[in-house]
Amino acid sequence: MASTGTAASSAEKKNGKNTAADAKAPPSVRKNESVYKAEELAAGAEDTFGTTPECVLAALRQAGITECTKEEAAKAVKAFRERKVG
């Protein structure tokens, strides 16, 4: 009798291997962290990132991010603020 996809998925999880569904999910979803839209992150820019909402929106837009976790946004904002101009 052939094994079903569900049984194989369970075995892969037990062995510590990622399933196809896990591989497609962004890292933030796998960690069960909250995901925010760019506009939501920009609204709390001063308190969260120490910068303006415009800076947060520009950083996320440059990184091609429409929604992400606060940690991912902080990395994008930091990279944006530290980039070389000119």
Checklist line | Point-to-point distance, once rounded to the nearest 0.5 Å, from CD of Glu40 to OG1 of Thr48 | finding: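 Reported value, rounded in 0.5 Å steps: 11.5 Å.
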Notebook entry, point to check: Just how far is it from atom SG of Cys68 to atom NZ of Lys37, taken to the nearest 0.5 Å?
Noted result: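 Between Cys68 SG and Lys37 NZ, I get 13.0 Å after rounding to 0.5 Å.
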Next item on the list: With sequence neighbours left out, write down each residue that passes salt bridge (charged side-chain N to carboxylate O under 4.0 Å, His left out) with Lys75, or none if nothing qualifies.
Entry: Glu71
Margin query: Strictly distance-based, threshold 3.5 Å: is any side-chain N or O of Glu82 a donor or acceptor partner for the main-chain N or O of Ala79?
Written below: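 Such a contact is absent between Glu82 side chain and Ala79 backbone.
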Margin query: Using modelled atom types and a 3.5 Å cut-off, is there a donor and acceptor pairing between side-chain atoms of Arg81 and backbone atoms of Lys78?
Written below: no
Would a 4.5 Å heavy-atom cut-off, applied to side chains only, mark [X] and [Y] as touching?
X: Glu33; Y: Lys70; answer: no
X: Thr69; Y: Ser34; answer: no
X: Glu67; Y: Tyr36; answer: no

Item checked: For Leu57 against Ala42, the heavy-atom pair lying closest together ->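 In terms of heavy atoms, the two residues are closest at CG-CB, 3.6 Å.
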Note to self: Quick check: closest heavy atoms across Ala76 and Ala63, and the distance to 0.1 Å?
What the structure shows: CB-CB, 4.3 Å
Next item on the list: Would you kindly confirm whether Leu41 and Ile65 end up in one hydrophobic cluster when ILVMFWY residues are joined by side chain heavy atoms under 4.5 Å apart?
Entry: yes
